[in-house]
Structures are given as structure tokens and as C-alpha cells.
Amino acid sequence: MTRRILLVNGPNLNLLGTRDPAIYGTATLADVERITTDAAAAAGFEVRSIQSNHEGVLIDAIHAAREDCLGIVINPGGLTHTSVALRDALTGVLLPFAEVHISDVNAREEFRRFSYLHDVAAVRVIGEGADGYANAVRQLTALIP
């Protein structure tokens, strides 16, 4: 089996590089995918990437990961704070996952401080910018035999 991880980016992350650069930086989604792919390759993994503004599309991709992935790196965007369904999908597939947030959500608005994933994520990387994806990959792949 190919050693693969799924990279999931949720709603509005397609706007990286132009959306609130003071908060999210100037890295684009393509930059994030490259950072993730490079870090995964260094650990002997491939990456399949998905970004969608639609919760069901993300859930379907997570379900499909059961077939050919060993873990998931996810930045759920705003779904972090609202989606029990996303949590259920991630726990249901029985794959370890890393929750990533580019900004320090704990230093932002009160509603951003709660994550439905915080207690079930194997790894959490918060506030490290786009480079946090590489850190998440390194930590996650270290957990995968």
C-alpha cells in the first residue's frame, strides 16, 4: 500500500493569500499544498489534497480516505466551531488526524476558541501560519507505523 495522507482544507481556504493577510498571511492554498507535500515526501508519504466550501464534499473525501490513506491533516476552517458531522466523519474512519489552524484561534474571537475536534485529534497545530502544515505532517507521520 502506498503510504498516503489526505490533506483537507475547508471553507474559504481557497481564498488564502488574499483573505485577511494580516491574520492568515500571504501563502496561498497552492503554497499550503506544496508545504504539506514536501513534508510528507520527507517522511515517505504521498498526499492527496482536497479543498471545498461544502461540508458534504469534505465528509465524502474523509470517508474515501479509509481505502488508501493512513492519516489525515485537516484545517476545517469555520467548520471547526460548528460541525458535529465533520467530527463524526473523522472519528468514524478510524484514521489518526492532525487539526491545523493557520492563525492562533485562541487569541481571536470567543466563538473561534471552541473546536469540535480538539479532544479527538491526534495532533493539534495552532497559530504557526502555513508552516504549521509541515509541523502537523511531521507529528502525524511519526505516529503512523
Side-chain angles (χ1 to χ4, degrees), residues 1-16 19-20 23-25 27-145:
M1 178 177 179
T2 301
R3 294 174 62 79
R4 180 178 299 120
I5 59 174
L6 176 65
L7 171 63
V8 178
N9 279 288
N12 301 311
L13 290 162
N14 57 305
L15 300 177
L16 285 175
R19 177 182 174 221
D20 295 323
I23 295 173
Y24 300 107
T28 65
L29 182 60
D31 294 331
V32 163
E33 291 175 348
R34 179 189 46 76
I35 289 166
T36 305
T37 299
D38 290 350
F45 285 77
E46 294 180 357
V47 174
R48 181 171 62 241
S49 299
I50 183 168
Q51 186 282 321
S52 181
N53 295 317
H54 304 282
E55 184 177 27
V57 171
L58 300 176
I59 290 170
D60 288 344
I62 291 165
H63 288 179
R66 291 179 301 175
E67 302 301 321
D68 65 350
C69 294
L70 298 172
I72 298 170
V73 173
I74 182 168
N75 182 337
L79 295 174
T80 303
H81 326 290
T82 64
S83 183
V84 173
L86 189 63
R87 176 193 168 101
D88 289 348
L90 287 161
T91 59
V93 297
L94 303 176
L95 294 171
F97 73 92
E99 176 184 2
V100 179
H101 298 284
I102 293 170
S103 69
D104 181 358
V105 291
N106 296 314
R108 295 185 61 198
E109 303 94 336
E110 184 67 32
F111 71 87
R112 293 188 196 277
R113 296 176 189 168
F114 176 77
S115 167
Y116 274 104
L117 308 181
H118 80 278
D119 61 331
V120 292
V123 172
R124 295 187 82 216
V125 177
I126 298 170
E128 295 183 14
D131 290 333
Y133 285 83
N135 186 8
V137 167
R138 286 189 294 271
Q139 290 186 56
L140 182 66
T141 58
L143 300 174
I144 298 172

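Quick caveat: nothing in here was measured; it's all calculated off a predicted structure.
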*Asks:* Taking the side chain as C-beta and beyond, is there a heavy-atom pair between V47 and E33 under 4.5 Å?
*Replies:* no
*Asks:* State, yes or no, whether a side-chain contact exists between I72 and V93 at a heavy-atom distance under 4.5 Å.
*Replies:* yes
*Asks:* Say you draw a straight line from CZ of R87 to OG1 of T80; how long is it, rounded to the nearest 0.5 Å?
*Replies:*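 OG1 of T80 is found 12.5 Å from CZ of R87.
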*Asks:* Side chain of R108, backbone of R113: donor and acceptor closer than 3.5 Å?
*Replies:* no
*Asks:* Side chains of N53 and Q51: donor-acceptor distance under 3.5 Å anywhere?
*Replies:* yes
*Asks:* Are any of the side-chain heavy atoms of E55 and T82 separated by less than 4.5 Å?
*Replies:* no
*Asks:* So, do R3 and T141 sit near enough that their side-chain heavy atoms are less than 4.5 Å apart?
*Replies:*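 Not touching, per the 4.5 Å side-chain cut-off.
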*Asks:* Grab the two heavy atoms, one from V32 and one from A130, that are nearest each other, plus how far apart they are.
*Replies:*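 What the structure gives for the nearest pair is CG2-CB, 4.1 Å.
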*Asks:* Could you state the interatomic distance from CG (N75) to OG1 (T36), rounded to the nearest 0.5 Å?
*Replies:* 10.0 Å
*Asks:* Would you name the heavy atoms of R19 and Y24 that are closest together and state the gap between them?
*Replies:* O-CD1, 3.4 Å
*Asks:* With the side chain counted from C-beta on, respond yes when F45 and V137 share a heavy-atom pair under 4.5 Å apart, and no when they do not.
*Replies:*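 A side-chain contact under 4.5 Å is absent here.
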*Asks:* Taking the side chain as every heavy atom from C-beta outward, state whether P76 and H81 have any atom pair closer than 4.5 Å.
*Replies:* no
*Asks:* Closest approach of A61 and I50, non-hydrogen atoms and distance?
*Replies:* CB-CD1, 3.6 Å
*Asks:* Is any side-chain heavy atom of S103 less than 4.5 Å from a side-chain heavy atom of R112?
*Replies:* no
*Asks:* Grab the two heavy atoms, one from P96 and one from I144, that are nearest each other, plus how far apart they are.
*Replies:* CG-CG1, 4.2 Å
*Asks:* Going from CZ on R66 to CG on L94, what distance comes out if it is rounded to the nearest 0.5 angstrom?
*Replies:*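 Output value for this atom pair is 9.0 Å.
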*Asks:* At their closest point, which heavy atom of H63 faces which heavy atom of A89, and how far apart are they?
*Replies:*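 Residues H63 and A89, closest heavy atoms: NE2-CB, 3.8 Å.
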*Asks:* Which distance, rounded to the nearest 0.5 Å, do you find between the CG of L86 and the CD1 of I59?
*Replies:* 6.0 Å
*Asks:* Identify the residue among L140, V73, V123, L117 that makes a side-chain contact (heavy atoms from CB on, under 4.5 Å) with F97.
*Replies:* L117
*Asks:* Output the distance between atom CZ (R34) and atom OG1 (T28), rounded to the nearest 0.5 Å.
*Replies:*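 Rounded to the nearest 0.5 Å, the CZ-OG1 separation comes out at 8.0 Å.
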*Asks:* Between I126 and D104, is the side-chain contact (heavy atoms from CB on, under 4.5 Å) condition met? List the steps.
*Replies:* CA-CA 6 Å; I126 298 170; D104 181 358; 3.9 Å; yes
*Asks:* Give the minimum heavy-atom separation between V125 and G132, together with the two atoms involved.
*Replies:*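 Minimum heavy-atom separation between V125 and G132: CG1-O, 3.6 Å.
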*Asks:* Is a side-chain N or O of R4 found less than 3.5 angstrom from the main chain of C69, in a donor-acceptor match?
*Replies:* no
*Asks:* Quick one: CG on D131 to CD1 on I102, what's the gap to the nearest 0.5 Å?
*Replies:*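 Rounded to the nearest 0.5 Å, the CG-CD1 separation comes to 10.0 Å.
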*Asks:* Does the side chain of L90 come within less than 4.5 Å of I62's, by heavy atoms?
*Replies:*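 Side-chain contact under 4.5 Å: yes.
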*Asks:* Is a side-chain N or O of D88 found less than 3.5 angstrom from the main chain of A85, in a donor-acceptor match?
*Replies:*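 Such a contact is absent between D88 side chain and A85 backbone.
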*Asks:* Between N9 and Y133, is any side-chain donor less than 3.5 angstrom from a side-chain acceptor?
*Replies:*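 Yes, Y133 and N9 have a side-chain donor paired with an acceptor closer than 3.5 Å.
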